[in-house]
2 protein chains.
Amino acid sequence: MSSQPSETKAARVTSFDVAERAGVNQSTVSRALAGSPQVTPATRERVLAVARELGYTVDQRASGLRTGRTDTVAVVILQGPEDKAPSGNPFYFELLGSICEAASARGLETLVSLQSEEGRLSGDYVKRGQADGTIVIGSARHSSAWTYFQQLQRSTGNLAFWGSPFDDARWVRSDNHGGGRIATSHLLDRGYRKIAFVGPLGTGPGQFAERFSGYRDALAERGAQPIEASSYPDGDRKSQGYHAARDMIERDGSIDAFFAASDRLAFGVLDYLKEIGRDVPEDVGIVGFDGMSAGTISSPPLTTVAPDLAKAAEALLRMAIDGEASVTQRVKVRLIERASVRPT
Amino acid sequence: MSSQPSETKAARVTSFDVAERAGVNQSTVSRALAGSPQVTPATRERVLAVARELGYTVDQRASGLRTGRTDTVAVVILQGPEDKAPSGNPFYFELLGSICEAASARGLETLVSLQSEEGRLSGDYVKRGQADGTIVIGSARHSSAWTYFQQLQRSTGNLAFWGSPFDDARWVRSDNHGGGRIATSHLLDRGYRKIAFVGPLGTGPGQFAERFSGYRDALAERGAQPIEASSYPDGDRKSQGYHAARDMIERDGSIDAFFAASDRLAFGVLDYLKEIGRDVPEDVGIVGFDGMSAGTISSPPLTTVAPDLAKAAEALLRMAIDGEASVTQRVKVRLIERASVRPT
DNA sequence: CTGAAAGCGCTTACAG
DNA sequence: CTGAAAGCGCTTACAG
C-alpha cells in the first residue's frame, strides 16, 4: 500500500530533495538556483544538474512570502455596460498586449482582471500578495470605478492609470492635445475645409476633451471654427459616431471631414457616410484616434493617430512597480496614414 | 527615530495584528475570515470589524503555500512570427476575455503569458506555484510550441489546449466540421454555385482541415466540387486570403463564393474582391469563421461562423483546473448573419 | 467554539 | 564557500 509506484500522487519536489540528492545543504540549493556569486561553480553545476533531473523549480509562493515580492503586475481592465462583454474595448487589449510584453521583458508575470462597475471592483492585489503593482485601464466613462481606484491610490501607492479623468494621480496618457492637432492639421493640409469633431465631451475632463482642444487649436490657427454634435446617445462608440455624424451633416451638409476622438467612433462615422453615399476620402475625409489594428479592415482603411503603446506600457510599469517619482507621463503619438484621407 | 508617524513604511498588517486587537487567537481570525462555520457569529463579526478597520486581507502567498492552491489559472497565448506583436491574433484576445470572465465567476484569477516560439516557452506555472492549471491557446501553425506543451501535458497534467493540432491530448475545439457545413450550406441556400475554400491546409490536421472537411461534405451532398488555392504565401492571414482569392479567381472567374477558414483570411478575400470590382454580396458571397467582432467593421460586414466562447472557456477551465476526465470537447458554433451573403 | 502549535517551501542573516 | 536556523503569513489537525 505504500510502495505502489505510480499510484501515489507525485509529491512536490522541494529544495530539500535536491539538496539531499546533491549532497549539500538546502540553503546551498537556494543560492545556486538564485545564481548567487558566493557559490562555487562546481557546486552550482552539480545542484543545477540534480534540479534538472528532478524537475525542480522554486515555488513562487514560498519565495515570494520570504522576499516580499511577487514579480507580477496586475492589470485591471474596466468595462462599461455599453461594451458588450467580454471583448470590451479592443484597444484595451492592444494595450494589454504591450504591457504583457514589457512585463515579460522585465521578468514579470501579468495578472489580468476584467472589472465592471456593477461588479465588485478590486485593486488590492499588492496587499493580497498577488502583485507588486497594479495598472488600471479605462476611460472617463468609468467614473465611479475611478473614484474607487483614486481612493485606493491615496492609501496604497503602486498604482498607475491609463485613461483616468482626474489629474492628481499617477497616470500615463497619449499626447492627446498633440494628437488632435496632428489629425486636424493633416486634414487641413489635404484640402478639407469644414472639419467636425466626433466624441462626447460631457463627462468632463478626459482624453477626449484633450483631443478636442488640440483640434480646436489647430483650427484656430487657420481661422476655422470647431463643429460639434449637439448630443450623443448612450450606447457603444460606433453608434455614437454614427449618430453624431448624422446630427452634424443634417445641420450642415457642407462638412467635408471628421476628426473622431476614437477609432470606434470613426467606424460609426464611416457607416453613416456610406449610408448616405458620400465617398471617403474623396468627398469626406476621416481621421480616427487609437491606431487600432481593426482600422486596416474598414473600407477604406482608417487613417488614425496612434499612441506609442510600447512606451506607454513601460511607463505604466515603472509607475506601478518601481513607484517612479514622476506622477504623470505623456507618450508620443504618430499619424498612421491609411486611406480615409485623400492623398496630396 | 522610532516614533516618527508617517516616515515609517506602512508595515504589512497580518492576522496576528487583527487577533491581538480583537482579543482572539490568530487561528480564530483565520477561521473567521475563511467563513468557517465553527466560529460563533458574534466572534466572526468582531473579527471582521477589526479586519476592516485595519485594512487586513489575507496574503495569498501564505495561504496558498499552506493549502497548496493558488486559485489562479494561467493562460498562455502563442504568437507566431507572422503575427505582428503584440496584438497578435485578435480572436485569441476574444477567447481570453471569455476565459477571464469564466475564471472570475469561479473565483479564480487569470495569469496571462504571451509566448512565441523563438522566445522561451514555459508552461510550468503549476509547478512554480503560480497557477492551479494552464490553458494554452494557439493554432496548428505553432507546431514546435505544441510539441513542447504536449510533452508537458504528459508529465504534468492540468493543461488544456485550444487549437492544438494533435488528438491525443486534452483540448477544446469548435465544432469545425459542423461549422464548415453550416457556412457552405448557407452559401448554397442563397444561390451561390461555385464555392471556393480559403485556408492553408499544409500544416496537416488542425482546425482548418476540419473546417475544410465540413465544407467538402456539404458540397458533396449537393453534387458540387471543392475548389482550393494552389498554394499559400507565408505571411499574415489577411494577405494569405488575398492571394488565395486571386489565385483561384484568376484560374476560374466563375467562382461566386468563398468560405474562409478564418475571419482574417476573409478580410483578405474582401480586399481582393474590392480591388477587382466584384460586388459583395451581389456578385460574390463570403462566409468567415471565428465570429470576430472586427467583422462588423468591414464593408460589407462579414457573415461568419462563431464558436460559443463562453462555453469554450468553461470547458477549458474544467479541464485545466478540475482535471476533468473528458479528454476532448467540442463547442457549438452558430452562424452570425451580417452582410457578406445576399439575402434570400 | 477557541487556542497552541506545527508546517507549507523558500531566503537570508549569522557563524564558521 | 557552505551549513544551521529563523521566519515570511497563513491553515489546519489536535486538544480542550
Side-chain angles (χ1 to χ4, degrees), chain A residues 9-48 50-51 54-72 124-132, chain B residues 9-48 50-51 54-72 124-132:
Chain A
K9 171 172 276 177
R12 167 171 275 290
V13 7
T14 73
S15 52
F16 285 91
D17 300 325
V18 178
E20 186 177 4
R21 185 114 161 178
V24 297
N25 186 277
Q26 178 270 339
S27 55
T28 301
V29 173
S30 179
R31 292 195 188 95
L33 271 106
S36 160
Q38 49 172 0
V39 52
T40 259
T43 317
R44 184 202 320 289
E45 275 323 308
R46 190 150 36 94
V47 170
L48 291 184
V50 174
L54 262 40
Y56 171 75
T57 16
V58 349
D59 186 304
Q60 298 302 309
R61 305 200 228 46
S63 89
L65 185 57
R66 204 41 250 263
T67 63
R69 286 179 296 110
T70 64
D71 291 326
T72 107
D124 50 1
Y125 295 95
V126 175
K127 199 151 69 176
R128 298 211 299 258
Q130 301 186 119
D132 297 333
Chain B
K9 169 173 277 176
R12 167 170 275 291
V13 8
T14 74
S15 52
F16 285 92
D17 301 324
V18 177
E20 186 177 5
R21 185 114 162 181
V24 296
N25 186 277
Q26 179 270 339
S27 55
T28 301
V29 173
S30 180
R31 293 195 187 96
L33 272 105
S36 161
Q38 49 172 1
V39 52
T40 258
T43 317
R44 183 201 319 291
E45 275 323 308
R46 189 149 37 94
V47 170
L48 292 183
V50 174
L54 262 41
Y56 171 74
T57 14
V58 350
D59 187 305
Q60 298 302 311
R61 305 200 227 48
S63 87
L65 184 57
R66 205 40 250 265
T67 63
R69 286 180 295 109
T70 64
D71 292 324
T72 107
D124 50 1
Y125 295 97
V126 175
K127 200 151 70 176
R128 297 210 301 256
Q130 299 185 122
D132 298 332

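Throughout, protein chains are lettered first and strands after them, A, B, ... in sequence-line order, and every chain is numbered starting at 1.
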Between N or O atoms, less than 3.5 Å apart, protein on one side and nucleotides 6-9 of chain D on the other: list the pairs.
residue : atom : partner : partner atom : Å
D:dG7   : N2   : A:Arg66 : NH1          : 3.4
D:dG9   : N2   : B:Ala62 : O            : 3.2

Problem set entry | Counterpart residues, side chain to side chain donor-acceptor pair (under 3.5 Å), relative to A:Ser63 (two or more places apart) | none
Exercise. Can you list the residues that meet the side chain to side chain donor-acceptor pair (under 3.5 Å) rule with B:Asp17, with sequence neighbours excluded?
Worked result: none
Exercise. Under 3.5 Å, side chain of B:Thr40 to main-chain N/O of B:Ala42, donor-acceptor pair present?
Worked result: no
Exercise. Counting just side-chain N and O atoms, does A:Asn25 come under 4.0 Å of either OP1 or OP2 of D:dA4?
Worked result: yes
Exercise. Counting any heavy atom closer than 4.0 Å, what does A:Ser30 reach on the DNA or RNA strands: base, sugar-phosphate only, or nothing?
Worked result: base
Exercise. Can you name the residues that form a salt bridge (Lys or Arg N to Asp or Glu O under 4.0 Å) with A:Arg69, not counting sequence neighbours?
Worked result: A:Asp71
For this session: For A:Thr28, check side chain to side chain contact (heavy atoms under 4.5 Å, CB included) against everything at least two apart and list the hits.
Result: A:Val24, A:Asn25, A:Arg31, A:Val39, A:Thr43
Seminar exercise, completed: Given Watson-Crick and G-U pairs under 3.5 Å, DNA chain D in dot-bracket ([ ] crossing, | other strand) is |||.||||||||.|||
Seminar exercise, completed: Closest heavy-atom pair, B:Leu33 versus B:Leu48, reported as atoms and distance to 0.1 Å, is CG-CD2, 4.1 Å
Exercise. Which residue lies toward the 5' end of DNA chain D, B:Val29 or A:Arg46, if each is placed at its nearest nucleotide?
Worked result: A:Arg46
For this session: Tell me, please, which residues at least two apart from B:Thr70 pass side chain to side chain donor-acceptor pair (under 3.5 Å).
Result: B:Asp132
Problem set entry | Partners meeting side chain to side chain donor-acceptor pair (under 3.5 Å) with B:Arg21 (sequence neighbours left out) | B:Glu53
Exercise. Any idea which heavy atoms bring B:Ala32 and B:Arg44 closest together, and the distance?
Worked result: O-NH1, 3.8 Å
For this session: Not counting sequence neighbours, which residues clear side chain to side chain contact (heavy atoms under 4.5 Å, CB included) with B:Val126? List them please.
Result: B:Thr134, B:Asn158
Name the pairs: protein N/O against N/O of nucleotides 13-16 of chain D, kept only if under 3.5 Å.
residue : atom : partner : partner atom : Å
D:dA13  : N6   : B:Arg31 : NH2          : 2.6

Seminar exercise, completed: Separation of C:dC10 atom C1' from B:Lys127 atom NZ, nearest Å, is 17 Å
Problem set entry | Any pair counted as salt bridge (Lys or Arg N to Asp or Glu O under 4.0 Å), so long as it reaches residues 57-68 of chain A, sequence neighbours left out | A:Arg12-A:Asp59, A:Asp59-A:Arg61
Exercise. Given atom CD of B:Glu20 and atom C1' of C:dG3, what is their separation to the nearest angstrom?
Worked result: 16 Å
For this session: Check the distance between D:dC10's P and A:Gln60's CD and give it to me in whole angstrom.
Result: 19 Å
